[in-house]
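Below is one structure; the comments refer to it alone.
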Amino acid sequence: MANQLGKLVSIAFSAAWLILVDLLKITTGSTTEAEALLSWKATLPVQPILQNWVAAAENNSSPAQSPCGWHGITCDSAGNVIEINLAYNDLKGTIENLGFSSFPKLLVLDLKYNKLTGSIPENIGMLSKLRLLDLSTNSFDGTLPLSLANLTQVYELDVSGNNIVGGLDPRLFPDGANPSKTGLISIKNLLFTDTSLGGRIPSEIGNLKNLVKLALDNSRLYGPIPPSLGNCTELSILMLSDNQLSGPIPPKIVSLRKLTVLSLFINNLTGTVPQGIGNFSSLIILNLAENNFSGQLPPQVCKGGKLENFTAAKNSFTGPIPVSLRNCQSLYRVRLEQNQLTGQLDQDFGVYPNLTYFDLSFNKVQGKLSPKWGASKKLTFLNVGGNSIVGGIPDEILQLRELGELDLSSNQLSGELPEQIGNLSALSVLRMNNNKLSGPIPAGIGMLSNLQYLDLSMNLLRGSIPYQIGDCFKLLSLNLSKNYLNGTIPYQTGNLFALQALLDLSYNSFSGEIPTQLGKLTNLITLNLSHNNLSGSVPKSIKDMLSLSHINLSYNRLEGPLPDANIFNSSRPEDFSNNKGLCGNIQGLQHCTSTTGPGGRKKNHRTVIIVVSCLGSSLLVSMALTGILVHLNMKRSRNTSKEEEPTSKREDPFSIWYFNGKIVYKDILEATMNFNDRYCIGEGATGKVYRAEMQGGQVFAVKRLWSKVDSTEIEDTKSFKNEIAALTETRHRNIVKLHGFSSNRMHAFLVYEFMERGSLADMLRNDNAAMELNWPKRVEVIKGVAHALSYLHHDCVPPIIHRDISSKNVLMCSSLEAHISDFGTARFLEPDASIWTTFAGTYGYSAPELAYTMAVTEKCDVYSFGVLVVEVLMGKHPGDLISKIQTLLVESSNVKDILDPRLPPPKAKKSVDELVLVMKLAVSCLQPNPLSRPTMRSIAQFLDD
């Protein structure tokens, strides 16, 4: 009713506007500026910000209605509208009905930061006097109208932050043969940031002799930077970052002596950087990061002494640090990481009073940490890890009170950790791992109350862990492994309630018992206490660590039963090996002699048998998972093809398990010889998978869980419950089909359709099988997984997140069609429910945000899918290359260097281009920011197109 009333009100408003416009036409006899504005207003949704247009029109008794004084409207002395400025007004609707021909004197049209949609109309070119056109930060789509070329007096054109496509038409710019008569000849500021333009930068852009600012960053442009830009000698700001531009920087760029900003980061640019860039005496920002540049950096980048932001990270630069940086006191941000730069840290850098961010990590720099760094009082980030720096840590660095991250890892630092480390009160990240630091861990470490990540591993540290470590209550990750630490583990470690990613004390000489207080670390994912001298029993409090996914207690002197905790049901035997006498229900460990299980709980065995026989079976699953015994009479099953009664002489009808009216529990055991290893075809974290061929010739895959699951324990077995719940809600050709599941006092298992070719991981590892997966078939595999995930994320209610997409969980049928399997860690994304959960997934595929947050979203699956795509194209898991994939994609021709060498490279350019697009799609899925990753629906549509 409310919606109908709203529509009636909107219609009434529109009718009132049209009547008012008609009255104005009768009064004035022509279409005035006021009429044009009111006509446009009548086509818009109700806009409170424009309400005074109504009052002004109704209250004005003048026969020639004037809009002067209306909100956002400015007139000249003659009463002509010269400015329409409705920026930041939350306007909705389109401008397609705005009569531009009614504004012959208009100088400014400013509609930025609104919610306008639709296309930019062709008749906008009738605003021949226009000086400024700003349509930025709206939702305009379509292409740029060619009529913009008629705006010969416009000095600023900004359509940034829209969905504009279709590239930059050369006809928008002056003709090189006759530049004074056509195109945007007066333009000074041309801004197309954050659009979907695509295409190449036309060489005609070099005919814009008055151009001062050109911003084309993040607009999907490709191809070379046109050398003609060197003709725009008035250019001060050139922003071309975050595109797919390729080739070298044109040498003519050094002609742009007035440049203050040159931003080229995140492209595919190659070659050397013109050394003449040092002649830009006014240069303030120089961004070259994340390209494929080589050679030396221009030595005089700070010749003018004004350089503030200098980034050249993630390239292949060699040679010395630019000499001009030594005295460049204007610097506030420097990023040179991941190159091959050489030099001396204590000689090539000076004092920088304004510097806030400095990253020189992973280069070939030597020298020492200079006390001069203490003079950069504004530093918040200092990273020189991954070099060959020697010496100790100067006290002056410990006076940087605003320092939030200090990374000195992977160098050759020596000496002791200074007690004054606690002075760095703002520190949230401290990494000094992989050095030669000795002595004790200072008690002052406990003063770092904002510390979130502490890594002192792989040093020569001795002594005990100071109990003050418990005061670092914000710690998310603590790694002290591979040192010479001894003594007992302080019980105050249990006060680190925020610990989430890691607690690693392995490869030390800790003794005594494991503190029971560790059970308070309920958010911890990984606990590694291996390779120490710990003794006693494993504390029962471990079962309170509900988020724990990985535990390693091997190589200690522990004994007694493992606690009754889920983590011990999914761990590897080697994680508990080489102890004094641990026992438990883990393969490889001796069974405890007690008649009660670990933890003292008596066994109470019952059997649960469920047949997944029809769509919409979530109710039956729910009943099963709450311990209710369900007997499905096959006469009543909607999907049963034969009306067969259960065997009548069985004492327990629930020990018989039917599906499709044929298969019984006993037949499963007979087909696998009571789960004999000769029928095992795979092994995972939660159990083994067996091939079961029935007497009729039908073959199934049977997944038997490691632990026995009876009806009282199903709710505690998350993977069993999740897999059943997820697969009974899904029906998709690229998702493995679950036929049924069973639990009794002997076995807990699930039965799936059989996939003849095994896992994608196995096929890629086998040279012969990998050769069968040619490029078209590999693209089809990628499509299949994409469609399955799109279905889970967007077509299931509620959506399902898989959480463990990897090549081992993609199964291949005889026709090499991909099927997603293993939903043991899947999760329903219920609306308004918490998205926080424990860690799940496979290392090497898991999204990076899971290292610091357990917020599960569908974008975690998107990241894993991106890794999988790269793996399919490379023929192997990319490993550490995953962070460099984007830089390896320089040009289409070079993608052959990334592809699986076992297959002949595609010969047709179209095939190469398609694989390049697929690889770039993977790169978009691997964005560190989850919000920057595409949705699986858009991915599937892209692959189909």
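One-based numbering along the sequence shown. The basis for the numbers below is simple: all heavy atoms, side chains too, and nothing from hydrogens, waters or symmetry mates.
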Practice prompt. Report the residues that fulfil salt bridge (Lys or Arg N to Asp or Glu O under 4.0 Å) with Lys209, sequence neighbours left out, ordered by chain and then residue number.
Written response: none
Discussion item. Check Lys112 with Asp110, please: is the shortest side-chain N to carboxylate O separation under 4.0 Å?
Written reply: yes
Discussion item. Set out, in order, the CA-CA distance, both residues' side-chain angles and the distance that settles side chain to side chain contact (heavy atoms under 4.5 Å, CB included) for Ile205 and Leu214, then state yes or no.
Written reply: CA-CA 10 Å; Ile205 206 166; Leu214 177 61; 3.9 Å; yes
Worksheet item: With no hydrogens and no angle check, do the side chains of Ser203 and Ser228 hold a donor and an acceptor under 3.5 Å apart?
Response: no
Fill in: Where Thr182 and Asp175 come nearest, the two heavy atoms and their spacing
OG1-N, 3.3 Å
Discussion item. Determine whether a donor-acceptor pair (N or O, by modelled atom type, separation under 3.5 Å) exists between the side chain of Asn291 and the backbone of Leu269.
Written reply: yes
Practice prompt. Before giving the answer on side chain to side chain contact (heavy atoms under 4.5 Å, CB included), spell out for Leu127 and Leu109 the whole-Å C-alpha distance, their side-chain angles and the decisive distance to 0.1 Å.
Written response: CA-CA 9 Å; Leu127 301 174; Leu109 178 58; 4.2 Å; yes
Worksheet entry | side chain to side chain contact (heavy atoms under 4.5 Å, CB included) evaluation trace for Leu245 with Leu240 | CA-CA 8 Å; Leu245 298 174; Leu240 302 176; 3.8 Å; yes
Discussion item. Contact between Val261 and Lys213 at the side-chain level, heavy atoms closer than 4.5 Å - yes or no?
Written reply: no
Worksheet entry | Note, Thr260 side chain near Ile285 side chain (heavy atom, < 4.5 Å) | no
Worksheet item: Taking Asp861 for the side chain and Glu858 for the main chain, is one N or O donor matched with an acceptor at less than 3.5 Å?
Response: no
Worksheet item: Is the closest side-chain heavy-atom distance between Asn243 and Tyr222 below 4.5 Å?
Response: no
Discussion item. Are Ser241 and Ile266 packed together at the side-chain level, in the sense that at least one heavy-atom pair is separated by less than 4.5 angstrom?
Written reply: no
Fill in: Nearest heavy-atom neighbours spanning Gln153 and Lys129
NE2-CD, 4.1 Å
Item to complete: Go through the steps for Leu873 and Val918 under the test side chain to side chain contact (heavy atoms under 4.5 Å, CB included), then give the verdict.
Response: CA-CA 9 Å; Leu873 296 184; Val918 174; 4.0 Å; yes
Fill in: Validation row: Leu107, Leu130 side chains within 4.5 angstrom (heavy atoms)
no
Worksheet item: With no hydrogens and no angle check, is any side-chain donor or acceptor of Asn162 less than 3.5 Å from a backbone partner on Ser139?
Response: yes
Worksheet item: So do the side chains of Tyr791 and Ile800 get within less than 4.5 Å of each other, counting heavy atoms only?
Response: no
Fill in: Backbone of Ser911 reached by a side-chain donor or acceptor of Asp913 within 3.5 Å
no
Worksheet item: Does any donor atom in the side chain of Thr270 or Asn292 lie under 3.5 Å from an acceptor atom in the other side chain?
Response: no
Discussion item. Testing the 3.5 Å rule here: is there a donor-acceptor pair between the side chains of Lys92 and Asn114?
Written reply: no
Fill in: Modelled atom types, side-chain donor and acceptor of Asp194 and Asn218, under 3.5 Å
yes
Worksheet, complete the sentence: Residues Leu926 and Tyr863: closest non-hydrogen pair is CD2-O, 3.6 Å
Practice prompt. Supply the atom-to-atom distance Arg937 CZ to His787 NE2, rounded to the nearest 0.5 angstrom.
Written response: 11.5 Å
Item to complete: Say whether, by atom type as modelled, one donor and one acceptor occur between the side chain of Glu234 and the main chain of Asn210 under 3.5 angstrom.
Response: no
Fill in: Minimum heavy-atom distance between Ile124 and Pro145, given as atom pair plus value
CG2-CG, 4.2 Å
